Amino acid sequence: MPARPRAMSVATAAVLRAVIQGASYGFDIMDATGLPSGTVYPILSRLEERALLTSRWEDPAAEREAGRPPRRYYRITAVGREELQEAVERFRALGHPLPEAS
Amino acid sequence: MTPRGGGSGRRLALMLVALATPLVPRHLRADWRREWQAEIRVRAAEGGAVVLPGAGAIRHALWLRGAALQRAGEQTLRELRFAARGLVRRPLFALGVTATLALGIGATSAVFSVVDAVLVAPLPYPGGDRLVEVTSEYVPWEMAGLPLNATLLEAWRARAASIEAMEAYNVGQDHLAGEGPPMVAHNARVTAGFLTDLLAVQPLRGRTFAPEENEPGQGGVAIVSEDLWRTRWGGDPSVLGRTIRLDGAPHEIVGIMPRVALLPEVDVWTPMELRPGDAAEIFGSMNTVARPRAGVSLDEVAADLLRASELAAEEAGAMAEPWRAGVGDFRETVVGDIRTDLWILMAAVLAVLLIACVNVANLLLTRGADRRHELHVRSSLGASRGDLLRTVVVEAFVLALAGGAAGVALAAVVVRVLLGSMPEEIPLAAAVAVDGRVLLFALALTGTTALVLGLVPALGAGRLSRQGMRPRGASLRRGERRGGKWLLGAEVAQASALLVAAMLMLSTLQRMSRADSGFRPEGLAFVHLELPPHAYPEAEARTRFLQDLRPQLRAVPGVRALGVGSATPFSGMTFLVGMQQEGGPRTGASDGGINFATADERIAFSQVWADPDYLSTLGLPIVQGRPLRPDDAEGPSVALINETAARAFWPGESPIGRRVRVSNDDPWTTIVGVVRDFSHPGLPTAGLAELYVPYTTTNRLVNILVRFDGSAEVLERHVQEAVWALDAELPIPAVGTAAEALRASLALTRFYAALLGTFAVLAVLLACVGIYGVMAYSVARRAREMGIRLALGARPGQVAGSVLGEGLGVVALGLTVGLGAAAYGTRVMTTLLYEVTPTDPATYAMVAALILASAAVAAWLPARRVSRTDPAEVLRAE
């Protein structure tokens with residue numbers, strides 16, 4: 001089947017939803033989705049490339065106080081929300097609602 | 001269990017990240033590592049598992065690399081399409097570049113296909129890269145390089161462990177009759193394995209020979225060549241089973257053989273009759289070829305065969321005793337002296353290719369300058385330096401590919417032309433083809449060209465990023481102008497060197513065609529007759545035939561004189577004998593002061609049996625002593641020698657009355673006269689010491705020289721009628737004329753001269769196009785400067801002159817370098833040249849004049865435009 005730009009895999013949708021629900025760092029997203037890091041990170045890279053996510057670095061000063069290195073922080077964009085919404089509806093229509101996050 | 005939070009788990013995870021880092025595309029690398037390290041450190045500090053998640057870093061890195069590659073590929077495809085579209089929009093530029101490259105690549109590939117088939121590729125037979133020629137040395141006489149006899153073949157074959165196959169052939173001329181008019185056919189007598197095993201050729205129809213057919217009396221079969229089958233039998237398949245007569249002996253046709261590249265002239269193949277142990281056959285005539293086992297070196301084979309021959313000398317009886325084996329590279333035997341010649345042609349055509357490349361590079365440079373504006377725009381729109389580089393390099397690749405494809409097509413055509421005009425002296429012609437190897441070569445050429453061409457604009461694009469935006473049409477920067485000029489100089493240098501080589505070859509050809517042969521070739525014809533042994537077994541029969549023929553021929557209208565001999569200067573056959581002078585040493589390579597063709601040629605005299613009219617018909621005067629007389633054949637042994645022989649043996653003395661003999665068993669022969677040398681470079685025996693002895697019909701060779709008036713065709717018809725009136729079964733006698741033979745003897749020289757001449761003309765033309773292009777471009781780009789100079793009062797002639805002078809300065813420099821290179825490089829041509837030295841001043845002067853004149857025209861055309869420039873217009877355009 002030809003891959004249309006909007007056809008989103010379940011794993012990708014799960015990652016997006018995890019970000020909406022507040023998981024904003026790579027390993028947190030991994031925990032929230034239950035997917036291995038080797039799956040989550042390529043998805044993050046691709047979503048960022050397609051501008052469904054953006055990322056920024058935490059303020060190093062703040063983190064130094066917390067005694068840990070600055071982490072990369074992911075946030076969903078408006079386009080990301082829109083596409084996730086479409087994907088969720090499509091999954092539902094197909095009878096495969098997105099599994100609830102753990 | 002995954003280690004939790006422990007320092008070792010963290011360290012392992014961080015190590016995995018470090019390991020994967022190089023995989024990540026450079027521009028993402030720093031962030032990527034920072035992110036992964038932070039996540040792992042945080043997780044580890046929280047006491048979470050990190051090794052397994054850390055392993056994901058490798059997958060992530062791989063994914064990023066893959067994505068980058070895919071993007072680059074898509075980008076390149078886009079660039080390809082872009083470049084192709086760009087070129088289509090500039091059809092003249094694209095066509096010019098493609099045609100120039102096609103010319104270079106096509107010509108080079110075509111010449112390579114010949115060089116490859118003849119010199120490089122394995123011979124087109126099993127184990128073709130390791131075939132060796134086996135020869136024998138007759139130890140008592142220290143004569144090496146002799147063909148084998150059947151005893152040696154069998155004895156050595158059985159004892160040489162390093163040899164896989166060892167087979168023999170021998171091509172002679174036989175009288176073919178039956179199933180059509182009589183003719184002289186090239187008959188290759190072969191051992192059965194020669195066709196089936198050594199060459200592994202398959203007959204078109206029928207079969208090859210069985211080993212038992214090599215046994216005495218078991219032959220009687222023949223395979224005809226496809227060519228003969230088509231010409232003589234019109235390709236009739238029912239020819240199998242019919243009978244032809246070869247030298248009178250019936251042979252049943254059992255097969256039809258396609259042309260064999262190694263022996264393309266063969267008309268008929270027959271089994272060689274092997275009589276091992278036959279004492280009558282001491283000196284054999286078997287050209288022997290062996291295929292060593294794979295992986296055995298030539299030296300090992302030589303050592304093994306020598307050992308085998310020594311073993312055979314001990315074990316195999318008296319017949320094998322005085323012999324030792326020698327081994328040589330079979331290709332050398334096949335190729336002979338052609339090697340250097342072909343490499344010279346290859347070098348010449350490579351020079352043409354280089355000039356073509358330089359031209360294209362120049363075009364790309366100027367186009368690069370034109371494109372600067374476009375590239376700047378793209379650069380300001382955010383294209384990286386790499387993007388710009390890719391754009392120009394991809395365009396060069398597209399051009400090179402188009403040129404390469406067109407070049408291969410051209411090569412196919414050129415190879416056809418080459419094969420059509422290639423003299424038969426160049427062996428293995430049948431193996432020449434535009435095959436996979438040639439395609440690979442063309443591909444490599446194209447690739448190299450693309451690389452070089454890509455580099456040129458790449459350097460230009462590199463500069464681009466270091467300089468600011470400039471308006472379109474700005475005048476050329478200094479370095480840019482210099483770059484083009486350097487290339488121009490190189491081009492002129494190569495064209496000059498090539499032109500020198502071609503001119504040397506042309507003047508060689510001219511001198512050869514005008515060479516004084518020592519006799520008058522006009523109105524001289526020669527007839528070669530084969531008197532087959534079955535019909536003329538005894539000397540008496542041959543004498544009778546000649547006695548009857550002579551008056552018949554003399555009666556032919558227009559015939560003024562005729563003489564008979566064993567050979568003519570045109571027959572290419574020579575009978576070389578060693579000579580001992582009375583009271584002197586036996587001559588050899590090291591004495592006698594005679595230049596031998598090869599160091600191994602230890603035998604000094606070319607012996608010709610000549611009747612009393614032979615020399616006068618040929619037109620060679622007696623310079624001392626007396627001619628041969630009819631009664632010399634019966635009287636005491638006398639002979640004439642030529643001037644070369646006289647000078648070599650009795651310098652400063654008269655040879656008249658001196659005595660020589662061929663071997664100790666012969667009677668002494670008295671020299672009674674000295675004959676003028678014949679000295680034509682195209683004649684195979686010219687320059688040899690000659691010994692003319694009285695003709696007798698114990699000699700089977702009948703060559704008739706005829707002085708005649710009128711047309712050669714009429715003479716040929718009369719000769720044939722006269723011969724057939726005596727013997728209708730004799731093959732059609734070939735009548736040749738001396739003028740035609742001399743002309744034909746220059747075929748190889750003419751071929752080289754034509755090729756080198758063509759290459760040189762191409763080179764000069766391309767160089768002129770290059771000069772024109774660079775000058776025209778320079779003039780166009782410097783229009784503003786010219787306009788200002790004109791506006792400031794410079795006369796148009798002055799400005800044009802300065803442009804012209806600038807161009808010709810480069811040309812002069814290139815010319816000087818080129819002539820210097822030629823003086824050095826053409827030394828390899830020495831063996832090809834005749835009466836002209838590689839540093840012939842006249843040739844160099846002529847080349848200099850030609851190059852300067854054509855360069856001046858090429859530079860003047862654009863320079864002329866300057867003087868027509870209207871300064872006001874130019875400045876307005878700014």
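In this text, all values refer to a predicted model and were calculated from it rather than measured experimentally. Values below: every heavy atom of this structure, side chains too, minus hydrogens, waters and symmetry copies. Just so it is clear: chains get the letters A, B, ... in the order the sequence lines come, proteins before strands, and each one is counted from 1.
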Practice problem: Evaluate the side-chain proximity of B:Glu46 to A:Phe27: yes if any heavy-atom separation is below 4.5 Å, no if none is. | Solution: no
Practice problem: Kindly give the heavy-atom pair with the smallest separation between A:Pro70 and B:Ala38, and that separation in Å. | Solution: O-CB, 3.2 Å
Exercise. Measure the OH-CD distance between A:Tyr73 and B:Glu35 for me, rounded to the nearest 0.5 Å.
Key: 14.0 Å
Self-check item: Heavy-atom side-chain proximity of B:His60 to A:Ser45 below 4.5 angstrom
Solution: yes
Quiz prompt | Pairwise side-chain contact, B:Arg59 with A:Tyr41, heavy-atom cut-off 4.5 Å (strictly under) | solution = no
Self-check item: Nearest-0.5 Å distance, CZ of residue B:Arg43 to CG of residue A:Asp28
Solution: 6.5 Å
Quiz item: At a heavy-atom separation under 4.5 Å, does A:Pro36 approach chain B through its side chain, its backbone, both, or neither?
Solution: neither
Quiz item: Would you say the side chain of A:Ser37 lies within less than 4.5 Å of the side chain of B:Trp36, judging by non-hydrogen atoms?
Solution: yes
Self-check item: Top of B:Leu62, B:Asp31, B:Ile58, B:Leu28 for chain A proximity - count of heavy-atom pairs under 4.5 angstrom
Solution: B:Asp31
Quiz item: For A:Ser55, is it the side chain, the backbone, both, or neither that has a heavy atom closer than 4.5 Å to a heavy atom of chain B?
Solution: neither
Self-check item: Distance (rounded to the nearest 0.5 Å) between A:Ile43 CD1 and B:Trp63 CH2
Solution: 9.5 Å
Quiz prompt | B:Pro53 vs A:Met30 side-chain heavy atoms within contact, under 4.5 Å | solution = yes
Quiz item: What is the minimum heavy-atom distance between B:Arg71 and A:Glu49, and which atoms define it?
Solution: NH1-OE1, 3.1 Å
Self-check item: Other residues, nucleotides, ligands: >12 heavy atoms within 6.0 Å of B:Leu381 CG
Solution: yes
